[in-house]
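Reading through the C-alpha coordinates given below for one structure.
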Amino acid sequence: MKKASDLLNVFFDDLQKSQGEQYIDFNKSWENIIGEKIGKNSKIKDVIDGNLIIEIDHTGWKQLILAKEKQIISKINRAFPELKIKKIKFHFTDRNKTKSEDKFNFRENNTENENIQGKREEIDKDFLSLLKKMSKRSEV
(Lines give C-alpha, C1' and ligand atoms only; values in the text may rest on other atoms or scores of the structure.)
Protein backbone atom coordinates (compact mmCIF):
# COMPACT_ATOMS: atom_id res chain seq x y z
CA MET A 1 0.00 0.00 0.00
CA LYS A 2 1.27 3.49 -0.94
CA LYS A 3 1.34 6.48 1.33
CA ALA A 4 -1.09 9.32 0.69
CA SER A 5 1.87 11.71 0.32
CA ASP A 6 3.33 9.53 -2.47
CA LEU A 7 0.01 9.51 -4.30
CA LEU A 8 -0.33 13.28 -3.94
CA ASN A 9 3.23 13.79 -5.19
CA VAL A 10 2.51 11.71 -8.29
CA PHE A 11 -0.76 13.58 -8.86
CA PHE A 12 0.86 17.02 -8.54
CA ASP A 13 3.86 16.02 -10.66
CA ASP A 14 1.49 14.94 -13.44
CA LEU A 15 -0.55 18.12 -13.02
CA GLN A 16 2.54 20.34 -13.19
CA LYS A 17 3.83 18.45 -16.22
CA SER A 18 0.47 18.84 -17.96
CA GLN A 19 0.25 22.55 -17.14
CA GLY A 20 3.84 23.08 -18.25
CA GLU A 21 3.16 21.42 -21.60
CA GLN A 22 0.06 23.58 -22.09
CA TYR A 23 2.06 26.71 -21.31
CA ILE A 24 4.77 25.71 -23.80
CA ASP A 25 2.15 25.02 -26.49
CA PHE A 26 0.52 28.38 -25.77
CA ASN A 27 3.85 30.21 -26.10
CA LYS A 28 4.66 28.40 -29.34
CA SER A 29 1.31 29.37 -30.87
CA TRP A 30 1.46 33.03 -29.79
CA GLU A 31 2.41 34.39 -33.23
CA ASN A 32 -0.35 32.36 -34.88
CA ILE A 33 -2.91 33.70 -32.44
CA ILE A 34 -1.92 37.36 -32.50
CA GLY A 35 -0.32 37.71 -35.93
CA GLU A 36 3.31 37.62 -36.98
CA LYS A 37 4.13 41.33 -36.68
CA ILE A 38 2.64 41.82 -33.21
CA GLY A 39 3.86 38.37 -32.15
CA LYS A 40 7.47 39.28 -32.90
CA ASN A 41 7.10 42.47 -30.83
CA SER A 42 5.31 41.03 -27.83
CA LYS A 43 5.84 38.17 -25.44
CA ILE A 44 3.63 36.22 -23.07
CA LYS A 45 4.80 37.10 -19.58
CA ASP A 46 2.25 35.20 -17.47
CA VAL A 47 -1.34 34.12 -16.98
CA ILE A 48 -2.79 35.03 -13.58
CA ASP A 49 -6.44 34.63 -12.57
CA GLY A 50 -7.71 34.85 -16.15
CA ASN A 51 -5.46 37.81 -16.98
CA LEU A 52 -3.02 37.36 -19.82
CA ILE A 53 0.01 39.54 -19.14
CA ILE A 54 1.86 40.52 -22.30
CA GLU A 55 5.30 42.11 -22.35
CA ILE A 56 5.73 44.92 -24.90
CA ASP A 57 8.23 47.71 -25.44
CA HIS A 58 6.02 50.39 -26.98
CA THR A 59 2.50 51.68 -26.37
CA GLY A 60 1.75 51.29 -30.08
CA TRP A 61 1.73 47.50 -29.67
CA LYS A 62 -0.67 47.88 -26.76
CA GLN A 63 -3.08 49.86 -28.94
CA LEU A 64 -2.95 47.27 -31.73
CA ILE A 65 -3.57 44.44 -29.28
CA LEU A 66 -6.40 46.26 -27.50
CA ALA A 67 -8.09 46.94 -30.85
CA LYS A 68 -8.31 43.15 -31.35
CA GLU A 69 -8.64 42.14 -27.68
CA LYS A 70 -12.00 40.34 -27.96
CA GLN A 71 -10.88 38.39 -31.03
CA ILE A 72 -7.56 37.47 -29.41
CA ILE A 73 -9.22 36.30 -26.19
CA SER A 74 -11.74 34.30 -28.21
CA LYS A 75 -8.95 32.57 -30.21
CA ILE A 76 -6.99 31.77 -27.05
CA ASN A 77 -10.03 30.37 -25.24
CA ARG A 78 -10.93 28.18 -28.23
CA ALA A 79 -7.40 26.78 -28.47
CA PHE A 80 -6.62 26.74 -24.74
CA PRO A 81 -9.91 26.66 -22.79
CA GLU A 82 -8.14 25.65 -19.59
CA LEU A 83 -6.53 29.13 -19.40
CA LYS A 84 -9.92 30.87 -19.14
CA ILE A 85 -8.57 34.22 -20.32
CA LYS A 86 -10.87 37.14 -19.53
CA LYS A 87 -8.62 40.18 -19.93
CA ILE A 88 -5.30 41.26 -21.41
CA LYS A 89 -2.90 43.30 -19.32
CA PHE A 90 0.48 44.73 -20.25
CA HIS A 91 3.99 44.87 -18.85
CA PHE A 92 6.34 47.39 -20.43
CA THR A 93 10.02 46.69 -20.97
CA ASP A 94 12.78 48.61 -22.70
CA ARG A 95 14.10 45.98 -25.12
CA ASN A 96 15.48 48.62 -27.51
CA LYS A 97 17.89 50.12 -25.02
CA THR A 98 21.43 49.15 -25.95
CA LYS A 99 24.52 48.87 -23.82
CA SER A 100 26.08 51.81 -25.66
CA GLU A 101 23.12 53.99 -24.63
CA ASP A 102 23.66 52.93 -21.03
CA LYS A 103 27.34 53.90 -21.20
CA PHE A 104 26.92 57.20 -23.04
CA ASN A 105 27.69 60.06 -20.74
CA PHE A 106 28.57 63.52 -22.02
CA ARG A 107 30.97 64.31 -19.20
CA GLU A 108 32.90 61.04 -19.56
CA ASN A 109 33.09 61.09 -23.36
CA ASN A 110 34.53 64.54 -24.07
CA THR A 111 36.48 63.33 -27.11
CA GLU A 112 33.32 61.86 -28.63
CA ASN A 113 31.42 65.05 -27.82
CA GLU A 114 34.07 67.18 -29.53
CA ASN A 115 33.88 64.95 -32.62
CA ILE A 116 30.10 65.18 -32.66
CA GLN A 117 30.24 68.97 -32.22
CA GLY A 118 32.81 69.23 -35.05
CA LYS A 119 30.59 67.19 -37.36
CA ARG A 120 27.61 69.31 -36.39
CA GLU A 121 29.47 72.52 -37.30
CA GLU A 122 30.53 70.97 -40.63
CA ILE A 123 26.96 69.97 -41.42
CA ASP A 124 25.72 73.46 -40.50
CA LYS A 125 28.26 75.05 -42.89
CA ASP A 126 27.28 72.66 -45.69
CA PHE A 127 23.62 73.38 -45.09
CA LEU A 128 24.12 77.16 -45.16
CA SER A 129 26.14 76.84 -48.35
CA LEU A 130 23.36 74.81 -49.94
CA LEU A 131 20.75 77.37 -48.88
CA LYS A 132 22.79 80.19 -50.47
CA LYS A 133 23.09 78.26 -53.74
CA MET A 134 19.35 77.58 -53.76
CA SER A 135 18.49 81.22 -53.11
CA LYS A 136 20.79 82.36 -55.97
CA ARG A 137 19.07 79.88 -58.32
CA SER A 138 15.65 81.16 -57.32
CA GLU A 139 16.69 84.75 -58.09
CA VAL A 140 17.51 83.86 -61.70
Side-chain angles (χ1 to χ4, degrees):
M1 191 170 188
K2 292 186 178 184
K3 293 185 203 174
S5 63
D6 292 339
L7 292 173
L8 287 173
N9 284 336
V10 169
F11 171 76
F12 284 116
D13 285 345
D14 288 343
L15 181 64
Q16 282 181 327
K17 183 179 177 185
S18 172
Q19 287 176 341
E21 289 170 356
Q22 290 168 353
Y23 189 75
I24 289 169
D25 290 343
F26 181 41
N27 272 305
K28 285 182 180 177
S29 64
W30 180 239
E31 274 189 39
N32 292 330
I33 291 169
I34 199 145
E36 185 178 345
K37 192 169 187 174
I38 297 173
K40 288 186 186 297
N41 290 284
S42 62
K43 178 179 155 187
I44 298 169
K45 181 109 173 130
D46 208 344
V47 176
I48 302 171
D49 297 326
N51 294 305
L52 171 62
I53 295 133
I54 300 172
E55 186 175 275
I56 55 175
D57 61 0
H58 191 276
T59 56
W61 299 118
K62 178 181 178 180
Q63 296 306 315
L64 290 171
I65 293 168
L66 287 175
K68 301 191 304 183
E69 182 177 21
K70 287 181 183 178
Q71 297 153 339
I72 293 166
I73 291 172
S74 178
K75 276 184 181 180
I76 293 169
N77 286 332
R78 276 194 308 269
F80 302 94
E82 64 280 354
L83 295 176
K84 300 176 186 168
I85 302 298
K86 296 176 193 132
K87 188 159 180 62
I88 297 176
K89 295 190 176 190
F90 298 90
H91 172 78
F92 289 93
T93 185
D94 191 1
R95 286 191 248 173
N96 293 328
K97 194 172 185 180
T98 63
K99 289 181 182 178
S100 62
E101 288 173 332
D102 289 337
K103 293 178 183 177
F104 193 75
N105 183 330
F106 284 106
R107 291 185 188 121
E108 293 176 8
N109 297 315
N110 287 331
T111 306
E112 282 184 47
N113 293 337
E114 289 168 7
N115 290 338
I116 291 169
Q117 185 61 33
K119 288 178 184 176
R120 169 75 184 190
E121 289 169 4
E122 187 179 322
I123 291 169
D124 288 346
K125 285 178 188 176
D126 290 343
F127 182 70
L128 287 173
S129 173
L130 182 62
L131 281 176
K132 286 177 186 176
K133 287 178 186 177
M134 289 175 66
S135 72
K136 285 180 184 177
R137 287 183 187 164
S138 66
E139 290 174 4
V140 175

Item to complete: Please determine which of I48, N51, I54, L52 meets the side-chain contact (heavy atoms from CB on, under 4.5 Å) test together with K89.
Response: N51

Discussion item. So does T93 get a backbone contact from the side chain of E55, meaning a donor-acceptor N/O pair under 3.5 Å?
Written reply: no

Worksheet entry | Side chain proximity check, K37 to W61, heavy atoms < 4.5 angstrom | yes

Discussion item. Within this structure, what is the CZ-CD1 distance for the pair F26 and I44, rounded to the nearest 0.5 Å?
Written reply: 4.0 Å

Worksheet item: Any side-chain heavy atom of F92 sitting closer than 4.5 Å to one from I56?
Response: yes

Fill in: Criterion side-chain contact (heavy atoms from CB on, under 4.5 Å) on W30 and S42, from CA distance to verdict
CA-CA 9 Å; W30 180 239; S42 62; 3.0 Å; yes

Item to complete: Under the side-chain contact (heavy atoms from CB on, under 4.5 Å) rule, what do K68 and I38 come out as? Steps first, then yes or no, please.
Response: CA-CA 11 Å; K68 301 191 304 183; I38 297 173; 4.2 Å; yes

Discussion item. As an exercise, state the distance from OG of S29 to CG of N27, rounded to the nearest 0.5 Å.
Written reply: 8.0 Å

Worksheet item: Do N77 side-chain atoms and I85 backbone N/O form a donor-acceptor pair below 3.5 Å?
Response: yes

Worksheet item: Just wondering, do I33 and F80 contact through their side chains at under 4.5 Å, heavy atoms?
Response: yes

Item to complete: Nearest 0.5 Å please: distance from the CD1 atom of I88 over to the CD1 atom of I72.
Response: 4.5 Å

Discussion item. Pair F90, I53 - check side-chain contact (heavy atoms from CB on, under 4.5 Å), show working.
Written reply: CA-CA 5 Å; F90 298 90; I53 295 133; over 6 Å; no

Response to the item:
Rounded to the nearest 0.5 Å, the CG atom of N41 sits from the CG atom of L64 at a distance of 9.5 Å

Worksheet item: What distance separates H91 NE2 from D57 CG, expressed to the nearest 0.5 Å?
Response: 11.0 Å

